[in-house]
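Have a look at the structure below, then the notes.
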There are 2 protein chains.
Amino acid sequence: MKESKRKKLEAAGWRVGSADELLGLSAVESLLVDLRLALSQALRRRREKLHISQRTLAERIKSSQSRIAKMEAADPEVSFELLLRGLFATGATRREVASVFSEPTTTAKRKPRQAAS
Amino acid sequence: MKESKRKKLEAAGWRVGSADELLGLSAVESLLVDLRLALSQALRRRREKLHISQRTLAERIKSSQSRIAKMEAADPEVSFELLLRGLFATGATRREVASVFSEPTTTAKRKPRQAAS
DNA sequence: TTGCGCGATGTCGGATTTGACATATAGTTA
DNA sequence: TAACTATATGTCAAATCCGACATCGCGCAA
């Protein structure tokens, strides 16, 4: 069914069911934040397991130590591409990266705010 | 073991085995290209399944129709973040996105054109 | 103590990516 | 035929992200 036709049906009072389970923008944002965190943690785990310094990994992907530090700190300024690049450079396979995506987000705890004084 | 110590051992002729299976930069690049393609294909599949236009999806993530088109064309100048944003906006879960990562790159076949008349 | 390696954090000029817009083509409907 | 919708493609100024660099604290070894 074309969208134009669907719109006509809906305008006529029909509900075209299928799956219009589209997430709100904030829900998407939240997923991205969680994902960035999960990837950054995975990167640190993998790097430490290889016993290499941030500087060494940085050289591998032609980046800099400070940027690797920001990646591992889940700094919102670092792109997902850079995080993926880092993971692959530690020898991660697509499958291993996939598991980071599907895992139930390691921490669960969200920004523990301090109580009001 | 600290990296400095490892270096000393290696300088002394030792091989510190563990897993130094670090990929070359071009191998990483190749993985990223494949991944971008897989994500763009998944996005198109999901959008079409929902019977929504590129314009509609664009509004959902506050982007533009032309950018969605570029995303689905796996244009190298669209970011992974935008691709992920698009997928999540179609209702994809982390698990579903993970499956895109782990799948053996949805085949090699490129744009099945119709035969010449 | 001094010196060194590692990592965290901030800054900055330049590179990249963005949404918006224009425009072209193709398919559909009137 | 014209009008409308969906998609592809190119451009551009503004926003974002980059590598590089400086600097700081920490832990360890000389």
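So that the names make sense, note that chain A is the first sequence line, chain B the second, and so on, each numbered from 1.
Counting heavy atoms from C-beta outward, A/Thr93 and B/Phe101 have side chains that stay 4.5 Å or more apart. Inter-residue side-chain proximity for B/Gln54 and B/Arg44 is flagged as met; some heavy-atom pair is nearer than 4.5 Å. The shortest distance between side-chain heavy atoms of B/Leu39 and B/Leu43 does not fall below 4.5 Å. The closest side-chain heavy-atom distance from A/Glu81 to B/Arg36 is below 4.5 Å.
Using a 4.0 Å heavy-atom cutoff across all strands shown, B/Arg85 reaches no nucleic acid atom at all. Using a 4.0 Å heavy-atom distance criterion, A/Ser79 is classed as a sugar-phosphate-only contact.
With hydrogens and angles left out, the side chain of A/Gln65 and the base of C/dA8 share a donor-acceptor pair within 3.5 Å. Side-chain N/O atoms of A/Lys70 and base N/O atoms of D/dG19 include no donor-acceptor pair closer than 3.5 Å. On a pure distance criterion of 3.5 Å, a polar donor-acceptor pair joins the side chain of A/Ser66 and the base of D/dC21.
Rounding to the nearest 0.5 Å gives a distance of 10.0 Å between CZ of A/Arg60 and CG of B/Leu25.
Here the C1' atom of nucleotide C/dT17 and the NZ atom of B/Lys62 are 19 Å apart, to the nearest Å. Across the protein-nucleic acid pair, B/Met71 atom CE and C/dT17 atom P stand 14 Å apart, rounded to whole Å. At whole-Å resolution of the value, CD in B/Glu81 and P in D/dA15 are 17 Å apart. One interatomic measurement links the two molecules: NE2 of A/His51 to C1' of C/dG5, which rounds to 17 Å at whole-angstrom precision. The CZ-P distance, from B/Arg55 to C/dG19, rounds to 14 Å in whole Å. Atom CD1 of A/Ile68 and atom P of D/dC17 are 17 Å apart (whole Å). For the pair B/Asp75 CG and D/dA8 P, the interatomic distance rounds to 12 Å; values are reported in whole Å. Residue B/Ile52 contributes atom CD1, which lies 10 Å from atom P of D/dT7 at whole-angstrom precision.
In the set D/dA8, C/dA20, D/dG19, D/dG19 carries the atom at the smallest distance from any side-chain atom of A/Ser63. In the set C/dG7, D/dT7, D/dC17, the nucleotide with an atom closest to the side chain of A/Arg44 is C/dG7. Of all nucleotides listed (D/dC18, C/dA8, D/dT7), D/dC18 comes nearest to the side chain of A/Val78.
For the pair A/Arg67 and D/dC21, the criterion of a side-chain N or O lying under 4.0 Å from OP1 or OP2 is not met. Taking 4.0 angstrom as the limit, B/Arg47 places a side-chain polar atom (N or O) nearer than this to OP1 or OP2 of D/dT7.
The 5' end of DNA chain D is approached more closely, in terms of each residue's nearest nucleotide, by B/Glu77 than by the other of B/Glu77 and A/Leu82.
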